[in-house]
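Positions are given from 1, in the same order as the sequence printed here. Reckoned from all heavy atoms, side chains included, excluding hydrogens, waters and symmetry mates.
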Amino acid sequence: MVALALLIIRVVIGLLFIGHGAQKLFGWFGGYGPRGTGGWMESIGMKPGVLMAVAAGLMELVGGAFFAAGLFTPVAAALIALTMLGAIVKVHGKNGLWVTANGYEYPLVVLVVVIGVAIAGAGDYSLDALIF
């Protein structure tokens with residue numbers, strides 16, 4: 001049952017982060033693409049904005065895909081965790097904890113989940129289990 005639980009967590013978190021990356025990189029799913037996201041990133045002091053948007057988008061897309069597949073899970077978790085740390089520090093931290101005030105509650109939950117999975121391992125239903 002633990003392997004199934006890890007699979008569910010990995011797939012849901014991973015697919016959502018593929019979507020977040022696609023928003024930044026391609027403008028899909030209501031996203032703004034590199035230019036739009038880059039402009040917003042510049043407005044919060046992350047320069048050069050387009051490069052930062054592409055970097056964050058790649059970290060989310062690749063991290064999400066690897067996390068969902070359970071491939072190089074600690075690396076995938078680190079990519080997602082870094083984007084969540086960035087979100088906490090640059091966007092949500094100043095607003096307090098609760099998401100109702102645009103706080104860091106959601107990025108913190110994701111951060112803890114991906115770190116937990118990285119520590120526990122991807123589980124039996126993963127590419128890591130097949131390869132390593």
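- There is no path of hydrophobic side-chain contacts, each under 4.5 Å, that joins Val109 to Val89.
- Across every non-hydrogen atom of Ile88 and Pro107, the tightest pair is CG1-CB, 3.6 Å.
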Taking only distance into account, with no hydrogens and no angle test, what donor-acceptor pairs under 3.5 Å do side-chain atoms of residues 15-29 form with protein atoms, sequence neighbours excluded?
unit_1, atom_1, unit_2, atom_2, d
Gln23, NE2, Phe29, O, 3.0
Lys24, NZ, Glu60, OE1, 2.9
Lys24, NZ, Glu60, OE2, 3.3

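- Residue pairs that meet the salt bridge (charged side-chain N to carboxylate O under 4.0 Å, His left out) test with at least one member in residues 97-116, sequence neighbours left out, do not exist here.
- Minimum interatomic distance between Ala76 and Gly63 (heavy atoms only, all atoms of both residues): CB-O, 3.4 Å.
- Here the OG1-CG distance, from Thr100 to Asn95, works out to 10.5 Å after rounding to the nearest 0.5 Å.
- Between Phe67 and Val117, some side-chain heavy-atom pair lies under the 4.5 Å cut-off.
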Could you tabulate the donor-acceptor pairs under 3.5 Å formed by side-chain atoms of residues 32-52, not counting sequence neighbours?
unit_1, atom_1, unit_2, atom_2, d
Thr37, OG1, Gly33, O, 2.9
Glu42, OE2, Gly49, N, 2.8
Ser43, OG, Trp40, O, 2.6

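- Taking 4.5 Å as the limit, some side-chain heavy atom of Ile8 sits within range of a side-chain heavy atom of Leu4.
- By the criterion of side-chain heavy atoms lying less than 4.5 angstrom apart, applied directly or through intervening Ile, Leu, Val, Met, Phe, Trp or Tyr residues, Val62 is not grouped with Val54; the two fall into different hydrophobic clusters.
- When hydrophobic clusters are built by joining Ile, Leu, Val, Met, Phe, Trp and Tyr residues whose side-chain heavy atoms come closer than 4.5 Å, directly or via intermediates, Val110 is grouped together with Val112.
- Minimum heavy-atom separation, Ala122 to Gly70: CB-CA, 4.0 Å.
- Pairs engaging residues 121-132 under the salt bridge (charged side-chain N to carboxylate O under 4.0 Å, His left out) rule: none recorded [sequence neighbours left out].
- The two residues Met59 and Thr83 have their closest heavy-atom pair at CB-CG2, 3.7 Å.
- The ring pair (Phe, Tyr, Trp, His ring centres under 6.0 Å) contacts involving residues 98-125 comprise nothing, where partners must be two or more places apart or lie in separate chains.
- Under the 4.5 Å side-chain criterion, counting only non-hydrogen atoms from C-beta, Ile131 is in contact with Leu71.
- Residues Leu127 and Leu79 fall within the same hydrophobic cluster, defined by Ile, Leu, Val, Met, Phe, Trp and Tyr side chains chained together at heavy-atom separations under 4.5 Å.
- Listed by chain and number, the residues in a side chain to side chain contact (heavy atoms under 4.5 Å, CB included) with Ala118 are Ala77 (sequence neighbours excluded).
- Under a hydrophobic-cluster definition in which Ile, Leu, Val, Met, Phe, Trp and Tyr are linked whenever side-chain heavy atoms come within less than 4.5 Å, directly or via other members, Ile115 and Val113 are assigned to the same cluster.
- Atom OG1 of Thr73 and atom CD1 of Ile119 lie 13.0 Å apart (nearest 0.5 Å).
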